[in-house]
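First up is the structure itself, then whatever we jot down about it.
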There are 2 protein chains.
Amino acid sequence: MSQAAIQSQTRADEAFDCLQTSIVKGELAPGEKIGEVELCSRFNLTRGPLREALGRLESRGLLVRRPHAGVKVVSLSASELVELYRIREVMEGLAARQAAERMTDDEIADLKATLDSHERMIDEARGQAYYQAEGDYDFHHRIATGSRNTKLAQMLLGDLYYMVRMYRYRLSTSAGRPHMALGEHRRIVEAIAQRDGELAEFLMKRHINAARLNIEKKIQEGVLTI
Amino acid sequence: MSQAAIQSQTRADEAFDCLQTSIVKGELAPGEKIGEVELCSRFNLTRGPLREALGRLESRGLLVRRPHAGVKVVSLSASELVELYRIREVMEGLAARQAAERMTDDEIADLKATLDSHERMIDEARGQAYYQAEGDYDFHHRIATGSRNTKLAQMLLGDLYYMVRMYRYRLSTSAGRPHMALGEHRRIVEAIAQRDGELAEFLMKRHINAARLNIEKKIQEGVLTI
DNA sequence: AACACTTTTATTGTTAACAAAATATGTCTC
DNA sequence: GAGACATATTTTGTTAACAATAAAAGTGTT
């Protein structure tokens, strides 16, 4: 567990990290009602710092709180999940554009190398959606950071990605989709390398749009029950 | 003061509201370091709920906290403020598109009526930037809500707008800009009324882009010191 | 047996005292 | 007098006890 590994900051930060990863990993399921005392014993902390962490998570939309009635993990409806991808589309489109303008050559080279490692991951971890998803997350993370747009990166990394990842575990990827996504990633990086912000934005928007359509299809097929 | 008027929710919520409005109104200036005990006496509450509120505000980016060294109001650099408008551009563009698809006819009629009242406000409150700004905020608020995109509205209303409003008070509007902005608002509403999402998105993006250019110009002129 | 009301219980919200850390102050040496 | 070290003070972080509210259980009545 990483809750002891960090240790550096304050106890409320610790609580925040623990809860956030627990939610993302699905250890705390969407809709699950969680009592404060139970959480305290589970993560070895007292209610003060815990409540501070709960407040932060609530404000980030990962928890919902009803006064005097406790908090529960947020539970997105199918349509809300789809809406999330529409937001991602425009925001990450912007991130890609700004990344094309601002990433250093070293960062771009690094990003290319990362994609190679992702390709290996896809081949090796055949079917293991977890590692594929983490590779995908890694890619988008780098673009967001590369935009040098502090607030944009903060919103993507601190809000949207956590929500998406929270549901990624139950979103079994279609066969062949990871390879296709990798190809899309490569084309985006190419556009960034050529400093073509407009193209990078276009390709990123199409990439996320494809992911959205994939999810919508699954919802219609009834494969995805939320 | 409205801190007593609400009263309904919990004490931490009260603290949150008080702090947020204080920051937005500029009573707590950007960069100002604020001590917990001082805030407690100012808002008549104890440190528990206050800390919970501070956590929420920190996670929303209105405060920055250094462990064991206190919190201070966030202070955007000129470039960060400009970046904020780039984010608004894509997000509110999306909001306008979805609003065109989803607002009810009644809501649209209401919105049109609101613009008329804004026009009166601009004429009457000649030079009083405050009321003009609030009218502008009102318009964007309605579009965000009208998108029916919960998360999008939450991000705009709960995060970005507070930051923008926080700086709007020291952003003296150029002469003639309010009238121009009103015209842009009218065209956006027209597109929404015609259910032309694509046009609404285009016009909204251009509208916010114009606002951004206006700010950039002022920064270059040295009028705006941040 | 079903409904309404009361009482109990458990959980959340709040408070104030305590511990730890960082800043500020003062003293000493060079 | 300037810099460095040690002390003191203030401020933040944490804890545990207390109060208030809401959910649950029980009781009585229709």
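All chains are named by letter (A, B, ...) in the order of the sequence lines, taking the proteins before the strands, and each is independently numbered beginning at 1.
Sorted by first and then second residue, the side-chain hydrogen bond (donor to acceptor under 3.5 Å, both in side chains) pairs involving residues 46-55 of chain B (not counting sequence neighbours) are A:R51-B:E52, A:E52-B:R51, A:R65-B:E52, B:E36-B:R47, B:E36-B:R51.
Geometric assessment of B:R165 against the ring of B:Y137 yields a positive cation-pi assignment under the 6.0 Å and 45° thresholds.
B:G48 comes within contact range of at least one nucleobase, with a heavy-atom separation under 4.0 Å. Backbone-only contact: B:G70 has heavy atoms under 4.0 Å from sugar-phosphate atoms and none from a base.
The base of D:dG13 is not paired with the side chain of B:R51 by any donor and acceptor separated by under 3.5 Å.
A:Q20 places no side-chain N or O within donor-acceptor distance of the main-chain N or O of A:D17, the cut-off being under 3.5 Å.
Atom-to-atom, CD of B:E36 to P of C:dA22 comes out at 15 Å; the value is rounded to the nearest Å. A:R47 has its CZ atom 10 Å from the C1' atom of D:dA16, to the nearest Å. Computed from coordinates, the B:E52 CD to C:dT15 P distance equals 12 Å when rounded to whole Å. When the P atom of C:dT11 is taken as reference, atom CD1 of A:I34 falls 14 Å away, rounded to whole Å. In this structure, CD of B:E38 is placed 10 Å from P of D:dT11, rounded to the nearest angstrom. Here the C1' atom of nucleotide D:dT12 and the CD atom of B:E58 are 13 Å apart, to the nearest Å. When the C1' atom of C:dG13 is taken as reference, atom CD of B:E14 falls 13 Å away, rounded to whole Å. For the pair A:R65 CZ and D:dT21 P, the interatomic distance rounds to 17 Å; values are reported in whole Å.
A salt bridge links B:E14 to B:R11: at least one charged side-chain nitrogen sits closer than 4.0 Å to a carboxylate oxygen. Ion pairing between a basic and an acidic side chain is recognised when a charged N comes within 4.0 Å of a carboxylate O; A:E89 and A:R212 show such pairing.
Taking only side-chain atoms of A:T46, from C-beta outward, the nucleotide of D:dT15, D:dA17, C:dA21 with the closest atom is D:dT15. Closest to the side chain of A:P49, out of D:dT12, C:dT15, D:dT15, is D:dT15. Taking every side-chain heavy atom of B:T10 into account, C:dG13 is the closest of C:dG13, D:dT12, C:dA16. Comparing atom distances between the B:K33 side chain and each of C:dT12, D:dT11, D:dA16 picks out D:dT11 as nearest.
Heavy-atom distances to DNA chain D give each of A:P67 and A:D13 a nearest nucleotide, and the one nearer the 5′ end belongs to A:D13.
Looking at B:V64 and B:V71, their side chains never come closer than 4.5 Å, going by heavy atoms from C-beta outward.
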Close N/O contacts between protein and nucleotides 23-25 of chain C (under 3.5 Å):
from, atom 1, to, atom 2, distance (Å)
C:dT23, OP1, B:R66, NH2, 3.1

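Two rings, from A:H185 and A:H118, have their centers 6.0 Å or more apart.
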